[in-house]
Amino acid sequence: MSAERSETQTYDPEAVERKWRQLWGERRTNATDVHGAPKPYYNLMMYPYPSAEGLHVGNVFAFVGADVHGRFRRLQGWDVFEPIGFDAFGIHSENYALKVNTHPAELIPANIARFREQMKRVGLMLDWDHAVSTTDPRYYKWTQWIFLKLYEAGLAVRKKAPVNWCPECKTVLANEQVINGMCERHLETAVELRFLEQWFFKITDFAERLLTNLEWLDWSDSTRMMQVNWIGRSEGADLVFETPTGTPITVFTTRPDTVFGATYMVLAPEHPLVDELTTGEQRQAVNDYRRQAGAMDLVSRRVGDKEKTGVFTGSYTRNPATGESVPIWIADYVLMEYGTGAIMAVPAHDERDLEFATKYDLEVRQVVKPDDPAEAGIGYTGWDGTAMNSGQFDGLPCAESVKAITKWLEEKKVGGVKVQYRLHDWCISRQRYWGPPIPIIYCDDCGTVPVPEGDLPVVLPPLEDFRPDESGVSPLARVKEWYQVPCPSCGKDAHRETDVSDTFLDSAWYFLRYPSTEFDDRPFDSVLTRKWLPVSSYIGGNEHAVLHLMYARFITMALHDLGHLDFEEPFTQFRAHGTIVKDGAKMSKSRGNVVIPDEYIAKWGADTFRMYLMFLGPYQEGGDFRDEGISGIRRFLDKAWALVTAATDGELGDGHGEAQRKLHQTIRGVGADLDELRYNTAISKLMEYVNVLRASGEAGTPAALIEPLVVMLAPLAPHFAEECWERLGHDTSVFGPTWPGYDEELAQEKTIELVVQVNGKVRGRLRVQAGLSQDAAIERALAEDSVQRFVEGKEVRKAIHVPDRLVNLVV
RNA sequence: GCCCGAGUGGUGGAAUGGCAGACACGCGGGACUCAAAAUCCCGUGCCGGUUAACGGCGUGUGGGUUCGACUCCCACCUCGGGCACCA
């Protein structure tokens with residue numbers, strides 16, 4: 001025994017972790033009985049794209065933080081369901097496959113296998129029985145089903161629209177995938193504007209609900225704010241302007257109070273009425289300008305500080321407030337995608353209009369007088385002012401004139417209150433190969449026919465050469481035998497939709513699938529869904545704040561309205577974690593600063609690495625990865641190990657008062673910290689506790705003081721805790737409802753250090769018993785020599801007493 | 001330009017308006033060792049002072065509120081993130 005015993009005296013992470021990985025597998029410790037589970041807790045983390053490079057430190061950081069949360073909840077007695085999956089469809093996978101000249105269908109399984117091994121090695125409490133892959137026909141059958149449900153409800157529509165075309169990806173991108181006019185995947189490639197037939201999901205129908213629900217969702221503020229900005233709600237009015245051809249033009253404005261200052265009108269170059277309004281002598285100039293604007297890529301077009309350009313159409317409209325005739329121009333600073341594609345220009349109170357009016361010598365008429373006399377009247381865009389040059393409304397403060405003028409225009413039937421959103425409909429068509437085919441068939445006689453539900457999935461056909469081409473048509477159009485089908489409705493020759501759907505559709509519902517993976521005849525079982533959803537806790541990165549999280553909310557809301565779900569928000573609690581950067585920059589392969597976790601885990605063990613990542617800084621802030629302090633965590637675990645191996649069965653005695661007090665304080669503090677994802681401070685509290693135990697326990701510490709420590713360590717260092725728990729004599733997993741309670745009474749300090757300040761400066765500290773009265777505290781303070789030196793000969797004018805904290809004497 | 005977040009020792013960071021710098025890294029000194037590593041103990045914000053007692057200064061900058069400000073308010077600077085010709 002002695003030989004074996006001494007061998008096990010030192011902490012060997014490699015052996016401990018191997019042992020528990022195996023035992024967890026054998027005992028199915030991490031599998032959840034989704035049907036039983038009396039206290040369900042759905043702990044969701046963002047499933048990864050299984051890249052060829054494997055997990056990097058950023059992924060591990062994200063997963064471990066979520067895993068710590070799930071394990072903590074489990075220790076508190078919840079039945080935690082912690083599933084994972086793989087987001088394996090999409091342009092990212094496809095482009096990589098093209099680059100290495102291998103089919104994605106071959107690459108993906110290998111990548112997933114690698115991810116699986118890495119995730120197991122990290123010690124995540126994942127339930128692999130419920131894993132999903134979006135490329136599995138058993139999964140994307142239901143992605144297609146969701147498309148059909150939205151189609152039936154009129155929420156999926158096909159329309160010709162100006163879309164973002166990436167010449168590199170050779171496909172259409174959603175607005176959310178365009179970064180500063182560049183493709184999010186090819187930051188060097190400018191996105192072009194093309195007019196194509198595309199499938200859209202009408203997310204804008206839900207804009208108001210997507211916005212107002214944010215008020216009650218328990219989400220990280222940063223994420224919430226990003227969604228608010230993205231939805232971009234503006235209140236204002238639609239105003240109708242008459243034109244000489246008789247077709248009225250509607251403009252949207254957030255400042256109807258400035259209508260008296262609208263001295264001209266501007267249409268977007270693509271506005272449908274431009275042709276009709278262009279007069280003979282202006283025809284040439286207008287056509288030239290439109291051609292020029294159309295050819296321009298969206299980058300140069302969208303840059304805000306570019307010089308304003310435009311052309312007069314030759315026509316005039318009538319200002320509905322003044323009745324005056326004002327010229328109609330076209331200019332590319334007016335965007336067809338927002339509002340009505342037409343504006344009333346109020347150069348006196350809009351920077352862009354002023355710049356334009358100055359350049360083309362158009363009238364500038366001030367209609368708001370700023371309250372602050374220091375402000376220039378022309379160019380004032382604020383609300384703190386009063387109306388002027390505005391007829392009967394002169395003298396009204398803006399806040400009132402805006403209401404009065406809107407009402408007046410409404411009565412004249414030339415305007416009405418209007419709420420405008422910046423959010424656009426979601427273009428889901430992709431002219432690519434690696435995605436779920438959109439389940440639609442086109443028939444010359446029957447038109448657009450949805451694939452019957454019973455025919456799902458529309459399986460993605462194998463295709464050797466899946467390279468996209470310039471045609472703007474998906475490579476699937478080259479697979480004749482797949483593409484040509486009989487019409488489901490009339491049986492005549494018809495053909496399939498060849499576009500596949502956006503990857504973000506795959507990820508917009510994956511959390512609905514996890515509990516129900518056993519079923520192939522339904523996307524999500526109603527009983528299981530009611531039991532597990534909405535998700536209890538979702539932890540992920542803010543890089544998905546407006547893409548994935550918005551789409552997932554939209555799909556959930558739509559399915560709710562269609563009667564498939566009884567909740568409309570999927571994630572009641574969402575927490576954004578920070579980003580791990582390296583040398584101040586995001587990790588990326590091109591920068592060559594990607595940190596691979598494997599070598600750290602091999603060297604230090606998963607538990608040390610997990611804890612180290614969590615100790616790095618506040619979890620919700622992230623930070624720069626460096627490995628300088630990792631040995632500190634290992635030293636800490638070694639010390640904890642030594643305490644466990646030397647634990648005694650002895651009762652707690654008087655000599656353990658301080659340790660016991662510290663224990664109860666630690667349980668209280670660590671619990672509160674873990675609740676708030678403050679992992680770094682939770683760990684420091686555990687370190688303090690270990691330091692106290694080491695200072696007090698000469699000849700072994702009673703197990704009663706060590707067991708709670710092991711439990712508190714379990715979320716962070718799960719293998720380590722299991723091993724310690726077993727060594728302390730338990731034959732069941734520590735991952736039961738083992739979280740210790742604390743006694744407020746026992747956590748209370750008996751004596752405290754009272755700080756004495758004179759005029760706010762610390763002049764003395766004295767140890768006194770807790771709960772000292774104000775008078776007694778001040779008396780004791782004045783009795784101190786170090787204090788007397790500063791008070792002597794002066795009158796104490798005021799004495800502030802903060803119980804059990806300080807006394808401040810003002811002299 | 002607009003909207004978030006952050007600026008604290010040599011480093012990462014900690015602090016319900018109440019002892020700034022917990023915890024850890026690093027560094028200095030010591031113990032153990034033939035020696036080194038590991039481990040253990042002590043010290044470690046800056047300046048002055050004798051290595052002391054003690055004193056002064058100190059949380060991006062400048063003001064303010066307060067008995068008392070890293071914390072609250074105003075203005076600004078820098079960095080990170082998001083949005084951006086959105087009418």
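Note on naming: letters A, B, ... go to the chains in the order of the sequence lines (proteins, then strands), and numbering restarts at 1 for each one. Just so you know, these numbers come straight off a predicted model, no measurement behind them. Hydrogens, waters and symmetry mates play no part in the numbers below; they use all other heavy atoms, side chains included.
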**Report entry** Whether over 12 other heavy atoms sit under 6.0 Å from A:K359 NZ
**Finding:** yes
Query raised in the report: With a non-hydrogen cut-off below 4.0 angstrom, is A:L616 in contact with a base, only sugar-phosphate, or nothing?
Result: sugar-phosphate
**Report entry** More than 12 heavy atoms from other groups under 6.0 Å of CD on A:E208
**Finding:** yes
Query raised in the report: What nucleotide among B:G55, B:A87, B:C85 has an atom nearest to a side-chain atom of A:F790?
Result: B:G55
**Report entry** Inter-nucleotide C1' distance (B:G12, B:C85), Å rounded
**Finding:** 43 Å
Query raised in the report: Can a donor-acceptor pair be found between the side chains of A:T645 and A:Y11 at a distance below 3.5 Å?
Result: no
Requested in this report: Among the candidates B:G18, B:A87, B:C3, find the nucleotide nearest to the side-chain atoms of A:M225.
Outcome: B:C3
Query raised in the report: Between A:N542 (CG) and B:C3 (P), how many Å, whole number?
Result: 19 Å
Query raised in the report: What pattern of brackets, bars and dots sums up RNA chain B from 5' to 3', given Watson-Crick or G-U wobble pairs under 3.5 Å, [ ] for crossing pairs and | for another strand?
Result: (((((((..(((.....[....)))((((((.......))))))((((.....))))..(((((..]....))))))))))))....
Requested in this report: Check every atom of B:A87, B:G18, B:C23 against the side chain of A:F252 and return the nucleotide holding the closest atom.
Outcome: B:A87
**Report entry** Rounded distance (Å) that lies between atom P of B:G1 and atom CD of A:E355
**Finding:** 15 Å
Report task. Could you tell me whether A:K639 contacts a base, only the sugar-phosphate backbone, or nothing, with contacts defined as non-hydrogen atoms closer than 4.0 Å? Result -> sugar-phosphate
Query raised in the report: Going by the side-chain hydrogen bond (donor to acceptor under 3.5 Å, both in side chains) test, which pairs reach into residues 768-780 of chain A, not counting sequence neighbours?
Result: none
**Report entry** Pairwise C1' distance, B:G58 and B:U8 [rounded to whole Å]
**Finding:** 10 Å
Report task. From the options B:C25, B:A87, B:C67, select the nucleotide whose nearest atom is closest to the side chain of A:N808. Result -> B:C67
Query raised in the report: Mind checking the P distance from B:G5 to B:G10? Whole angstroms is fine.
Result: 28 Å
Requested in this report: Determine whether the side chains of A:T681 and A:D673 contain a donor N or O and an acceptor N or O closer than 3.5 Å.
Outcome: yes
Report task. Scan A:Y421 against the nucleic acid and name what it touches under 4.0 Å (heavy atoms): base, sugar-phosphate only, or nothing. Result -> nothing
Query - Of A:V810 and A:V755, the one whose closest RNA chain B nucleotide lies more 5' - result: A:V755
Query raised in the report: Which nucleotide in the set B:C23, B:G18, B:C40 lies at the smallest distance from any side-chain heavy atom of A:R694?
Result: B:C40
**Report entry** Closest listed nucleotide, where the reference is the side chain of A:E621 and the choices are B:A6, B:C23, B:A87
**Finding:** B:A6
Query raised in the report: Since syn is defined as within 90° of 0, does B:G9 count as syn or as anti?
Result: syn
Report task. Quick one: label A:Q420 by what it contacts on the DNA or RNA (base, sugar-phosphate, nothing), any heavy atom closer than 4.0 Å. Result -> nothing
**Report entry** A:R767 and A:T751 side chains, donor-acceptor separation under 3.5 Å
**Finding:** yes
Requested in this report: Find out whether the Lys NZ or Arg CZ of A:R553 is both under 6.0 angstrom from the six-membered ring centre of A:W230 and within 45° of the ring's axis.
Outcome: no
Query raised in the report: Do A:F615 and A:F636 make the cut of ring centroids closer than 6.0 angstrom?
Result: no
Query - Atom-pair distance (NE2 on A:H271; P on B:A87), nearest Å - result: 17 Å
Report task. Find out whether the Lys NZ or Arg CZ of A:K308 is both under 6.0 angstrom from the six-membered ring centre of A:Y333 and within 45° of the ring's axis. Result -> yes
Report task. Please tell me which of the listed nucleotides, B:U39, B:A87, B:C67, lies nearest to the side chain of A:R635? Result -> B:U39
Query raised in the report: Heavy atoms under 4.0 Å, any strand shown: does A:D353 hit a base, just sugar-phosphate, or nothing?
Result: nothing
Query raised in the report: NA contact type, A:E351, heavy-atom cut-off 4.0 Å: base, sugar-phosphate, or nothing?
Result: nothing
**Report entry** Whole-Å distance separating the CD atom of A:Q227 from the P atom of B:G81
**Finding:** 20 Å
Query raised in the report: If you measure from the C1' atom in B:G45 to the same atom in B:G28, how many Å do you get, rounded?
Result: 16 Å
Report summary line: Quick note, A:T253 side chain, CB onward, closest among B:A87, B:C23, B:C83 is B:A87
Query raised in the report: What are the residues of residues 670-683 of chain A, sorted by number, that bring a heavy atom to within less than 4.0 Å of RNA chain B?
Result: A:N680, A:T681
Requested in this report: Taking the six-membered ring for Trp and the full ring for Phe, Tyr or His, determine whether the centres of A:F625 and A:F61 are under 6.0 Å apart.
Outcome: no
Query raised in the report: Taking the C1' atom of each, how far is B:G21 from B:G30, in whole Å?
Result: 26 Å
**Report entry** Centroid-centroid under 6.0 Å between A:W329 and A:F356 rings
**Finding:** yes
Requested in this report: Give a yes or no on whether a donor-acceptor pair under 3.5 Å exists between the nucleobase atoms of B:C83, that is its base, and the side chain of A:N229.
Outcome: no
Report task. Would you state whether a donor and an acceptor, one from the side chain of A:K685 and one from the base of B:C23, lie under 3.5 Å apart? Result -> no
**Report entry** Interatomic distance, A:R763 CZ vs B:C67 P [rounded to whole Å]
**Finding:** 19 Å
Requested in this report: Pick the C1' atom in B:A31 and in B:G48, then give their distance to the nearest Å.
Outcome: 33 Å
Query raised in the report: What's the closest nucleotide to the A:V762 side chain, out of B:G13, B:A20, B:A22?
Result: B:A20
**Report entry** Distance-only side-chain donor-acceptor flag, A:E676 / A:Q620, under 3.5 Å
**Finding:** no
Report summary line: Assert: residue with more 5' nearest nucleotide on RNA chain B, out of A:G622 and A:N759, is A:G622
Report summary line: Looking only at B:A84, B:A22, B:G82, the nucleotide nearest the A:M226 side chain is B:G82
Query raised in the report: How many Å lie between CZ on A:R805 and C1' on B:C67, as a whole number?
Result: 17 Å
Query raised in the report: Rounded to whole angstroms, how far apart are CD on A:Q665 and P on B:A22?
Result: 17 Å
**Report entry** Neighbour count above 12 (heavy atom, 6.0 Å) for A:E658 CD
**Finding:** no
Report summary line: To the nearest angstrom, the NE2-P distance between A:H577 and B:G81 comes to 15 Å
Query - Span that lies between the C1' atom of B:U44 and that of B:C23, in whole angstrom - result: 15 Å
**Report entry** Span that lies between the C1' atom of B:A84 and that of B:G1, in whole angstrom
**Finding:** 8 Å
